Amino acid sequence: MGDKGPGGKFATAKRGISREMLANVNTPGSMTLDTLVDDKMPPIPEPDVLDRQLAGVMETMNIPRDKCAELMRQPAEKKWQLVWGQMKVQARHPPKYYVDQLQVHVEVMEKRSKKKSKGKKSMQSGQTLSSLLRSLEISLRTNSLQWVKDFLHAGDGDGKEASASVGGLEVLMNYLILIDDEGRDNMDDYLCILCLRALMNNAYGFNSVMAHPETINQIVLCLRNVNPFAGQLGEDQLVRKYRTHVLVLELLAAVCLVPKGHGRILAAFNNFQKSMNEKVRFQTLVHLLRSERAHVGVMVACMAFINVVVHCVPDINYQVALQHEFTQLGLLSLLEELRKQNLSDLTEQINAYQDNFVNVAELAREAEMREQDLEHIEDLEREIRETRKEMNEKEFQYHQTMTSLHKELAEEKLETDAIKGLLEAEKTEHHTNIVHYQKEIVQLKEELAAVQATAEEAQQEKLRLRRASSDLRAQLEGSPERKGLVRAASGDFGFGSLLEDTSVDANESTTDDAPAAAAPAPPPPPPPPP
């Protein structure tokens, strides 16, 4: 089956859990495609028929869509090998067979637990429990999704609704709980964890496993046989123990990365602490990392789990608390010792932990600086408030001043407009006066010209009379008889003085003509007011 759903995250677990690490887990008895294909494979069918058969196989195997697309692009030979191999795979036993067999072993162990007696484990139908668990793991991993559902609900006979309280999962958990009384064996642990991992490789099985309250607790309890001072174990026992530890740690690290998985893992380690009477949590885990220096796979898996459990939480305070627990157990000094071994995979995990390590002292300094910054910010905010208050006062004064100035400006404008109106009226009146004065000047000039003309005429008449008088006198002076007559006549008619003054006036006539002719013009009118 594929990695669709939450169970699929096991193959792509981040922060130190590599895909190769999960793929290299030793699974004895696992079936490969090569073992299912023999030399008598039928000829390849038509492409459309082959594609339909392959689609049905992939649906049965619960393969994710991206993997399906990749398989559909494979050559026809590869497709037919997969289809033929799946066609040849037949379920060796129905799901209820495994549930019944496990239930028999569980009932026997319960009876022994009540009698408080220990002995060999029972046999049923000539099949040992180890072979039964190995066959169950292969069936869970290779059979269809419906087979898995039937196994989970074999107790109620209905595989439509998920339930962790009945069926094969419940029986398997009962066995894991009861083997503590019988004496837990590394092979039993390993095969049971393999069965759980096979169940969790699809979304349906994963949800069923996570819904059970004891699954994660029992997986963590598989680490209880960690003893850094035990050196009397045989080679085969050591191999089984290390294999179980690697499988358990990889599975726990993958569960940490799914929603609510991290909380389940921490709760399981709290239960482990109580069960094993640990002084502090994770003590056994650090013992495992410290004691298995000759087994790189165990150290890498342990360090990868520590990376995930510490650094996959979003809350920085929670992360600091978790890493403090490991620091109290001497993890930092242990990592420096392990770095000296120059193991590439282990060094990568150590670097990942140190790169994500939160320096509490640095955080404290930053917090202190932050407090100082906050105080400085408060001072600045206080100064800003005071400055803002002053600014508001200045702004209020400014608005008052501007209002007063606007008011004065409006009054000045009104006064200016009134003055402009008066000036316009005076200007109009002045212009009217100028026109009137100009008309009067023109009239006076005309009258002056007429007076001057009349004066010239009178002057000319006066000159003519004087000339006539001079001529007459000259004539009279030439005749004595007429002279006396003229005198008498002039005396009677008043021409005597005229005749006497003729000579004098004749001399003055030339000088009198000029001023008479050049009479001064009247003064111009005054200029208009500005």
Side-chain angles (χ1 to χ4, degrees), residues 1-11 22 25 27-33 36 54-65 67-68 71 82-83 85-103 106 129 131-176 190-216 218-219 247 251 254-255 258 261:
M1 289 181 294
D3 58 350
K4 184 176 181 181
K9 296 184 179 180
F10 299 157
L22 296 178
V25 176
T27 55
S30 62
M31 302 177 65
T32 63
L33 189 61
L36 301 175
L54 180 60
V57 168
M58 290 186 296
E59 182 178 359
T60 302
M61 297 177 66
N62 194 28
I63 296 178
R65 293 183 180 179
K67 298 295 182 182
C68 292
L71 289 175
L82 179 61
V83 173
Q86 186 66 21
M87 291 171 64
K88 287 176 66 63
V89 172
Q90 300 293 333
R92 186 176 179 180
H93 299 288
K96 195 173 186 308
Y97 168 80
Y98 293 101
V99 176
D100 293 340
Q101 290 291 319
L102 285 173
Q103 187 64 34
V106 168
L129 182 60
S131 60
L132 176 66
L133 291 174
R134 186 178 290 110
S135 177
L136 173 60
E137 188 272 335
I138 295 173
S139 297
L140 289 171
R141 182 162 41 85
T142 59
N143 288 330
S144 65
L145 180 61
Q146 186 59 44
W147 195 97
V148 176
K149 292 181 179 180
D150 293 340
F151 172 78
L152 290 172
H153 302 282
D156 57 4
D158 186 5
K160 295 182 180 180
E161 297 182 359
S163 176
S165 61
V166 294
L169 178 61
E170 182 68 20
V171 176
L172 188 61
M173 285 295 100
N174 290 337
Y175 169 74
L176 268 175
Y190 180 72
L191 292 176
C192 288
I193 300 304
L194 280 180
C195 292
L196 289 176
R197 189 183 69 171
L199 278 174
M200 298 172 75
N201 266 346
N202 60 83
Y204 190 88
F206 178 86
N207 293 331
S208 298
V209 171
M210 293 298 291
H212 196 285
E214 288 297 325
T215 50
I216 306 302
Q218 293 302 317
I219 293 174
L247 179 60
L251 192 59
V255 172
V258 300

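As the structure is a prediction and not an experimental result, all values here were calculated from the model. Start at 1 with the first residue, then count along the sequence.
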Could you please spell out the steps behind the side chain to side chain contact (heavy atoms under 4.5 Å, CB included) verdict for Leu152 and Leu199?
CA-CA 9 Å; Leu152 290 172; Leu199 278 174; 3.9 Å; yes

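- Atom OG of Ser139 and atom CZ of Arg134 lie 12.5 Å apart (nearest 0.5 Å).
- For the pair Leu172/Leu133, a side-chain contact is recorded, criterion being any heavy-atom separation below 4.5 Å from C-beta on.
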Apply side chain to side chain contact (heavy atoms under 4.5 Å, CB included) to residues Val209 and Tyr204 and explain how you reach the verdict.
CA-CA 9 Å; Val209 171; Tyr204 190 88; over 6 Å; no

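- Atom-to-atom distance recorded for Tyr97:OH and Leu132:CG is 6.0 Å, nearest 0.5 angstrom.
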Please assess Val148 against Asn143 for the test side chain to side chain contact (heavy atoms under 4.5 Å, CB included), listing each intermediate value before the final yes or no.
CA-CA 7 Å; Val148 176; Asn143 288 330; 5.7 Å; no

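- Once rounded to the nearest 0.5 Å, the distance linking CG of Leu196 with CG of Asn201 reads 11.5 Å.
- With contacts defined as side-chain heavy-atom distances shorter than 4.5 Å, the pair Tyr98/Ser135 qualifies.
- Atom-to-atom distance recorded for His153:NE2 and Lys96:NZ is 15.5 Å, nearest 0.5 angstrom.
- Atom CG of residue Asn174 and atom CG of residue Leu102 lie 10.0 Å apart, to the nearest 0.5 angstrom.
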What verdict does the side chain to side chain contact (heavy atoms under 4.5 Å, CB included) test give for Leu140 and Trp147, after you've listed the backbone C-alpha separation in whole Å, the side-chain angles of each residue and the deciding distance to 0.1 Å?
CA-CA 8 Å; Leu140 289 171; Trp147 195 97; 3.6 Å; yes

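- Between the CE atom in Met210 and the CD1 atom in Ile216 there is a gap of 5.0 Å [rounded to 0.5 Å].
- Counting heavy atoms from C-beta on, the side chains of Leu247 and Arg197 come closer than 4.5 Å.
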